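First up is the structure itself, then whatever we jot down about it.
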Amino acid sequence: MASRFNALKADAHWQQVWDEARTFAADDHSAKPKTYVLEMFPYPSGKIHMGHVRNYTMGDVLARYRRMTGHEVLHPMGWDAFGMPAENAAMEKKVHPGTWTRANIATMKAQLKRLGFALDWTRELATCEPDYYGHEQALFLNFYRSGLVYRKESAVNWDPVDMTVLANEQVIDGRGWRSGALVEKRKLSQWFLKITQFADELLDGLGSLEHWPDKVRLMQENWIGKSQGLQFRFALSDGGSVEVFTTRPDTMFGASFVAVAADHPIAQAVAAGNPDAAAFIERCKQGGTTAAELETQEKLGFDTGLTATHPFGAGELPVYIANFVLMDYGTGAVFGVPAHDQRDFDFATKYALPIRRVVSDGDKTDADFAEAEAWTGPGTLVNSHFLDGMDVEDAKRAVIARAEDGGWGKGSTVYRLRDWGVSRQRYWGTPIPIIHCQSCGEVAVPREQLPVTLPEDVTFDVPGNPLDRHPTWKHVACPQCGGEALRDTDTLDTFADSSWYFIRFASQPDDRPFDRAVAESWLPVAQYIGGVEHAILHLLYARFWTRALRHVGLIDLAEPFTGLFTQGMVTHETYKAADGRWLAPEDVRDGVEIAGGGPVTVGRVEKMSKSKKNTVDPEPIVDQYGADAVRWFMLSDSPPERDLEWSENGIEGAWRFVQRLWRLFDGEAAGDQAATGSDAALDRKLHQTIAGVGADIEALSFNKAVAKLYELTSAIEKAAPSASRDTAIATLMRLVAPMVPHIAEEAWAARAQGGLIADAAWPAVDPAMLVEDEVTIAIQVNGKLRETLTLAKGLPKDEVEAAALAVDKIVRALDGKPPRKVIVVPDRLVNVVL
RNA sequence: GCGGACGUGGCGGAAUCGGUAGACGCUGGAGACUUAAAAUCUUCUGCCCAUGGCGUGCGGGUUCGAGUCCCGCCGUCCGCACCA
């Protein structure tokens, strides 16, 4: 009699076995082909959530499958452990960020272990430990010596209450997200990494990333934002000049004004002697920054009274200060061509500037042109002297050539991408290993003095940077002259920490960041899995860091991640009480609030979030159903790139399936009579499933693999006892092992197969077993299904046609007349055309 | 505004090359077992005016045949955003 599968007992047992045997420790010296499977490492915020469970389950199935197919798999885990939440906790709970972080790591590690992930814990790392960030400091200094790091004054978002710099994402409607204070623009000396030096490489490299989602590649492409055009100077009526950039040099003869940004030096100079101009600039700065405001904001300008001389002698253009020109893109100045740019059109309309058409799209004449909007498409140049008759692209080249010949301008490329500002006025990050000396200037901390460690005795009772106000930490002797000097009290952006952790996982010597040969033997990461929210920043920074390492000669690797997969979120229904309070799922039963019995409104299905209270904590779920059921549910139903809705029924269903498996496995092991005889249909089903599930896992189509395994399970359940059935059950153990490893080990052991199923080989497909001897053929009339026939596979066309035409319904449909046409697709269908 | 993705039963979804739409799961119905319940098993479950007809957001088109290809709409979601 089959017993129930005791998941809690089996989970704990097999997790301990794997741990003790170091089953999933990756061997650097293995002769097997190596493969690196990686999920984005978590921030240790407290407890794991369902999103982690889904992410890591997907990676785990792939890692376990690759092991079974003969690969040496590197599948590590660690902690992205620096960051603001730890400092916030320090302020709110009076606990040291390190204490808080390490406690969270311990909790979350225990939770991850309970899910039975095939992780190499021997390589665990936390970015907040000196044995990680010290090496990061060494890499930073390496970049510094190679000219990839520089320091410059730059405007930052400054929260005057918290006394700290805020990232753009932390500024909400112009106010600090925590303090609510109006954010100021402040000039601060900041460290920058020269990501723009690699802009072209990073853009071109996207083309080689075939196994990345198109969406992510496109987002990165847009983020890099390459534009090619002409950069040149206008001579100004006051004797000065202004440099502009344009992607449309072909429309030069349509120019009717020049506009500069409000914070452009020319605007500033004008404002100095003109209160109206100063007032206008002030007004520009007050403009809202939200999408909606920008969309509706009127194009405003202030006529400086200056004029700019057209380089081709086509007159003088008025120079405006305009609110729609951005200082930090291009040169902060543009020339306006109202006929062929919508913003310029709006502006010219408002200020009654000429609208001169210079590109004709063929149909339209001057008369019916451009009363309402600018023409930005292709066409033939008109009203443009030497450009007349050229198409847009030829005209661009012609103007750039003339500018370069004449020495007043040159073809140039502009990127939207900015250099990466990495200075943060925070405690809980990697200290920037630079010393500022009165006499020597910036001095790199010598290698033997690394790591520059964080002081432990810091306070968070007042706002500001604890490193900066620490009584002694920043005071050091200058490594060069020995005189009094100060440490840089900023720490690195935490995106730096996550820009190379995957290399440190591959190789972690004590005395250097990584061993080149070992790292190169694992990298690039074959499959990287994580949330789409990292599509731009993290993935771009990691790609940059890798190229920078290559640039300084530390590794021969262009792209860190060959394959990228962005998984969907875990969602749940939301619940609201009559008074508008959000309710947690566990507070609701049968449509009423458990406490008090008040009515509950079921709201939208949304991403699990604390604010909507629709989270489900994985831990009690694992307690109740076991790791395998949770894993199985995470893989079922929804395609992995889409959102997965958590539901009670769903996890129940997964749990039922685990028990179904157990009835098969246990019944077999319990010594049901060894059956004899073969079952050709079941053999075929089995081998089709082996092939299909393997392909589905490789494609990360876990939901399809799950469906195939359900089918095979049902087929085995229904099959009469036979040797084929025994084989199918034994094989099923291995097929489900990557997904539900605990029950698979339990069954494998009970069957005395020897060794661990985690080390077993993936079953081989016997191609001979895949061959069907009969096929079902669709019989259609005019493309509509009328009947199906089961015929021998590979029957000649004429025999299939004859069989189809003999079918009752077809005879009736033909009504004695010959068909106009009969289409026969071998082994597929017959379509009778009347 | 620009760019992208998606739209299939009550729900999540499947259909790899243009060839039987709705696999598989969930929900729901009926039945078996049981004193009863749970568990389990069997069976049904796209819609309708049902020997047939209609069905993959809507309208056209190509084709012997369209969820799949083409054209034009509508809707939802995501990303970027005055980018010169």
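Just so it is clear: chains get the letters A, B, ... in the order the sequence lines come, proteins before strands, and each one is counted from 1. These figures come from a predicted structure and were not determined experimentally.
Note: Phe657(A) and Trp632(A) have parallel aromatic rings, judged against thresholds of 30 and 60 degrees for the angle between ring planes. Aromatic ring orientation, Tyr351(A) versus Phe347(A): tilted (interplanar angle from 30° to 60°).
Annotated as syn: C17(B), whose glycosidic dihedral is within 90° of 0. By the rule that a glycosidic angle within 90° of 0 means syn, A50(B) counts as syn. Anti is the glycosidic conformation of G79(B), whose angle departs from 0 by more than 90°.
Within the structure, a side-chain polar atom (N or O) of Arg343(A) is placed less than 4.0 Å from OP1 or OP2 of C83(B). The side chain of Thr247(A) places no N or O atom within less than 4.0 Å of a non-bridging phosphate oxygen (OP1 or OP2) of C83(B). For U20(B), the OP1/OP2 oxygens have a side-chain nitrogen or oxygen of Arg828(A) closer than 4.0 Å. Contact between the side-chain N/O atoms of Arg248(A) and the OP1/OP2 oxygens of C83(B) is not found at any separation under 4.0 Å.
Contacts of Arg812(A) with the nucleic acid, taken as non-hydrogen atoms under 4.0 Å apart, are absent. Across all strands, Val414(A) comes closer than 4.0 Å to no nucleic acid atom at all (heavy-atom distances).
For His534(A), the side chain to side chain contact (heavy atoms under 4.5 Å, CB included) partners two or more places apart in sequence, or in a different chain, are Met40(A), His538(A).
Lys612(A) pairs in a side chain to side chain donor-acceptor pair (under 3.5 Å) with only one of the listed residues (Glu606(A), His572(A), Glu573(A)), which is Glu606(A).
With rounding to whole Å, Asn323(A) atom CG is found 17 Å from A84(B) atom P.
Under the Watson-Crick or G-U wobble criterion, with both distances below 3.5 Å, A23(B) has no partner in any strand shown. Searching all strands for a Watson-Crick or G-U wobble partner of C2(B) with both distances below 3.5 Å returns G79(B).
Contacts classified as side chain to side chain donor-acceptor pair (under 3.5 Å) and involving residues 791-801 of chain A (residues at least two apart or in different chains) are not found.
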Base versus backbone protein contacts along nucleotides 24-30 of chain B [heavy-atom cut-off under 4.0 Å; B, S, -]: SSSS---

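A gap of 49 Å separates the C1' atoms of C54(B) and U35(B), to the nearest Å.
Distances were taken from every side-chain heavy atom of Pro639(A) (C-beta onward) to each of G13(B), A84(B), U42(B); the shortest belongs to G13(B).
Near RNA chain B, meaning a heavy atom under 4.0 Å away, the residues from residues 216-225 of chain A are Leu218(A), Met219(A). Taken residue by residue, residues 685-699 of chain A places no heavy atom nearer than 4.0 Å to RNA chain B.
Position along RNA chain B of the nearest nucleotide to Arg416(A) versus Leu785(A) favours Leu785(A) as the more 5'-ward residue.
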Give each protein N/O atom lying under 3.5 Å from an N/O atom of nucleotides 62-65 of chain B, with the pair distance.
{"from": "C64(B)", "atom 1": "O2'", "to": "Asn831(A)", "atom 2": "ND2", "distance (Å)": "3.2"}
{"from": "C64(B)", "atom 1": "O2", "to": "Asn831(A)", "atom 2": "ND2", "distance (Å)": "2.7"}

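For Lys215(A) against C78(B), a side-chain-to-base donor-acceptor contact under 3.5 Å is absent.
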